[in-house]
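Data first, discussion second: the structure below is written as structure tokens.
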Amino acid sequence: MADLIAWKNSRTRKPLLLKGARQVGKTWILKEFGRTQYDSYVYLNFDKQANLSSIFEDDIDPERILSRLSLLSHKKISPENTLIIFDEIQACPKALNSIKYFKEEKPEYHVAAAGSLMGLALDSTPVPVGAADIIHMYPMTFSEFLEAKNGDLYEYYSSISKKQIVEKIFHDKLTDEYLNYVIIGGMPECVSSFLEFSDLSEVDRLMDDIIELYENDFAKYSGRISAERILQVFRSIPSQLAKPNEKFIYGAIRKGARSVQFEGAIEWLVSAGLINRVYNVSEPGYPLRAYANKEAFKLFLLDTGLLRHMAGVDNAAVALKSPFQFKGPLAENYILQQMLPSLAIEPFYYSTPSSEIDFMIQHDAEIIPIEVKSGEDREAPSFKKYIQNRQPNTAIRFSMMGYKKSGEITNIPLYLAARMQDFI
């Protein structure tokens with residue numbers, strides 16, 4: 001909401017494209033934004049109201065479009081005071097194309113567009129660079145989850161600083177909430193259901209519905225990409241992450257599989273926002289992107305709760321802190337899920353034949369290695385060897401332990417990952 005208000009008040013405001021996977025709350029937030037920040041809003045859903053596309057068939061002159069929208073909505077559409085929402089805009093490529101004309105000819109009007117498959121739509125109907133402002137929307141971070149679930153504890157959490165000692169009672173409470181988040185995840189419907197009913201079996205049922213919705217989209221919107229191959233890649237994510245080497249292996253999808261067969265499916269899932277791809281770097285040098293190895297990468301799910309569910313991890317195993325092999329991949333998926341919206345950076349990973357650093361990030365001109373531990377284990381030979389050889393100014397370890405800085409290594413508790421920028 002803060003980002004949307006900043007967009008509204010920007011002197012250089014352009015039409016807005018809100019990108020994000022299905023079910024992360026794009027429609028809700030835009031309607032709430034229109035309700036609370038404008039005199040009125042006009043909402044158009046191109047998926048549910050297929051005949052709306054006819055407005056854009058003859059031409060995409062903004063003046064004519066505004067006139068037709070006003071007639072359809074029975075509302076006066078005024079600059080500054082009315083928010084125009086184009087939802088599921090991927091169903092009408094000409095409506096997406098009209099964005100650039102609103103920017104050029106009617107910049108005083110506030111237009112916001114969203115779509116469950118916006119990334120795919122932009123691949124086929126690209127909006128010219130500079131014609132729109134883009135905001136990425138993700139599943140709820142742990143910070144947002146905690147704010148929704150326990151307001152008092154969230155206030156304490158928000159006040160934690162480098163100089164503050166987190167008392168054991170609060171450390172334990174926040175650790176328990178982190179484990180709740182690993183189970184429930186950050187999909188708004190799942191969080192809302194748990195807050196209302198405290199029923200984890202209902203959360204699991206909702207996750208089944210969300211996954212089925214995603215998989216139905218494969219057949220409905222895959223176009224020239226094989227829906228079966230998209231499904232195979234999507235369902236292989238838990239087993240790919242369960243391997244000792246988490247690097248994505250095409251042969252792990254099915255015997256004899258080759259990259260040429262599945263590259264398009266991976267790109268589809270990335271563009272749809274359903275998976276996050278982390279590339280390997282051949283050298284942890286500045287700038288990291290220059291050393292990206294596009295042939296080696298890991299794939300993670302957009303939400304840790306969904307990954308836990310797809311992997312078949314029992315809720316009790318997480319809540320009771322039982323040891324199991326998949327805890328590591330869950331923790332890594334969680335860290336990535338917190339980093340993407342809070343840092344707005346592209347993370348990588350680094351590996352040698354004998355070792356691996358979970359994540360590498362670039363902070364200004366500094367390259368920071370990140371180690372992720374799912375428990376309190378301090379043993380990390382690869383991490384320590386990297387620090388000894390490379391001598392970075394900063395190295396971060398996420399674990400169940402409390403905040404502590406020791407030499408180059410800063411240990412940050414897993415529950416503070418969403419506030420990582422405050423502790424670098």
Side-chain angles (χ1 to χ4, degrees), residues 1-122 124-125 127-128 131-137 188-189 192 213 217 220-221:
M1 182 62 79
D3 289 344
L4 292 174
I5 292 172
W7 168 78
K8 178 190 177 188
N9 296 329
S10 172
R11 294 181 180 180
T12 58
R13 185 195 63 255
K14 305 166 189 173
L16 173 69
L17 299 181
L18 185 61
K19 294 179 66 176
R22 190 186 288 275
Q23 294 291 299
V24 297
K26 299 182 301 299
T27 298
W28 185 90
I29 197 69
L30 285 180
K31 285 184 173 181
E32 185 71 1
F33 178 51
R35 185 183 69 81
T36 60
Q37 304 298 322
Y38 290 85
D39 292 344
S40 64
Y41 69 89
V42 172
Y43 175 79
L44 305 158
N45 187 312
F46 291 99
D47 194 31
K48 291 182 178 178
Q49 302 161 281
N51 57 351
L52 284 174
S53 298
S54 63
I55 298 174
F56 297 82
E57 283 302 319
D58 296 332
D59 65 71
I60 46 179
D61 172 52
E63 187 71 51
R64 188 187 66 81
I65 292 170
L66 287 166
S67 173
R68 299 297 186 272
L69 295 183
S70 181
L71 189 64
L72 277 173
S73 63
H74 306 291
K75 293 180 181 178
K76 179 183 178 182
I77 300 176
S78 62
E80 311 295 335
N81 298 317
T82 305
L83 176 65
I84 303 169
I85 302 172
F86 293 155
D87 202 1
E88 300 296 354
I89 198 170
Q90 79 278 347
C92 182
K94 287 191 174 182
L96 184 57
N97 196 35
S98 74
I99 292 294
K100 64 182 178 182
Y101 296 105
F102 273 99
K103 187 261 181 183
E104 292 169 359
E105 301 174 24
K106 297 290 182 181
E108 67 273 23
Y109 284 86
H110 293 217
V111 179
S116 301
L117 302 168
M118 177 76 79
L120 294 168
L122 290 173
S124 58
T125 310
V127 173
D133 293 319
I134 297 177
I135 293 178
H136 294 266
M137 191 167 181
E189 187 177 15
S192 179
L213 188 66
D217 281 346
K220 188 175 180 181
Y221 297 109

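Numbering starts at 1 and runs along the sequence shown.
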For Ile84 and Leu66, run side-chain contact (heavy atoms from CB on, under 4.5 Å): C-alpha distance rounded to whole Å, both residues' side-chain angles, the deciding distance at 0.1 Å, then the answer. CA-CA 9 Å; Ile84 303 169; Leu66 287 166; 3.5 Å; yes
Is any side-chain heavy atom of Leu18 closer than 4.5 Å to a side-chain heavy atom of Ile29? yes
In short, Ile77 meets Thr82 closest at the heavy-atom pair CA-OG1, 3.8 Å
Interatomic spacing from CE in Met1 to NZ in Lys8 - rounded to 0.5 Å: 11.0 Å
If you round to the nearest 0.5 Å, how far is CG of Asp59 from CD1 of Ile65? 7.0 Å
Between Phe33 and Leu4, which heavy-atom pair has the shortest distance, and what is it? CZ-O, 3.3 Å
Short side-chain to backbone donor-acceptor contact, Arg64 and Ile55, under 3.5 Å: yes
With side chains defined as the heavy atoms from C-beta onward, is the minimum distance between Pro188 and Gln23 less than 4.5 Å? no
Would you say the side chain of Phe86 lies within less than 4.5 Å of the side chain of Leu69, judging by non-hydrogen atoms? yes
Keeping the roles fixed (side chain from Trp7, backbone from Lys14), state whether a donor-acceptor pair exists under 3.5 Å. yes
Value rounded to 0.5 Å, distance of CG in Asp87 from SG in Cys92: 12.5 Å
Any chance you could lay out the side-chain contact (heavy atoms from CB on, under 4.5 Å) test for Ile134 and His136, step after step, and finish with the verdict? CA-CA 7 Å; Ile134 297 177; His136 294 266; 3.9 Å; yes
Has Ser98 got a side-chain atom pairing as donor or acceptor with Ala95's backbone, closer than 3.5 angstrom? yes
Hey, does the side chain of Arg13 reach the backbone of Pro107 with a donor-acceptor pair shorter than 3.5 angstrom? yes
Are Tyr43 and Leu83 close enough, and set up right, to give a side-chain contact (heavy atoms from CB on, under 4.5 Å), and what steps lead you there? CA-CA 8 Å; Tyr43 175 79; Leu83 176 65; over 6 Å; no
What's the spacing between Glu63 CD and Tyr109 OH if we round to 0.5 Å? 6.5 Å
N/O donor-acceptor pair under 3.5 Å between Asn97 side chain and Pro93 backbone: no
Looking at side-chain heavy atoms only, is the closest gap between Leu17 and Ile89 below 4.5 Å? no
Going by heavy atoms in the side chains, are Asp217 and Arg22 under 4.5 Å from each other? yes
Checking the side chain of Lys26 only, and the main-chain atoms of Gly20 only, is there a donor and an acceptor separated by less than 3.5 Å? yes
Looking at side-chain heavy atoms only, is the closest gap between Leu72 and Val42 below 4.5 Å? no
Assess whether atom NZ of Lys76 is packed by more than 12 heavy atoms of other residues, nucleotides or ligands within 6.0 Å. no
Closest non-hydrogen contact found for Ser116 with Glu88 is OG-OE2, 3.0 Å
Shortest non-hydrogen separation from Ala112 to Leu30 and the atoms involved: CB-CD2, 4.0 Å
So does Glu80 get a backbone contact from the side chain of Glu108, meaning a donor-acceptor N/O pair under 3.5 Å? no
Under 3.5 Å, side chain of Lys94 to main-chain N/O of Glu57, donor-acceptor pair present? yes
Quick one, Pro79 and Lys106 - any side-chain contact, counting heavy atoms below 4.5 Å? no
Using 0.5 Å steps for rounding, measure from the OG atom of Ser78 to the NE2 atom of His110. 9.0 Å
Rounded to the nearest 0.5 Å, how far does CG of Asp61 lie from CZ of Phe102? 9.0 Å
Side chain proximity check, Met118 to Gln90, heavy atoms < 4.5 angstrom: no
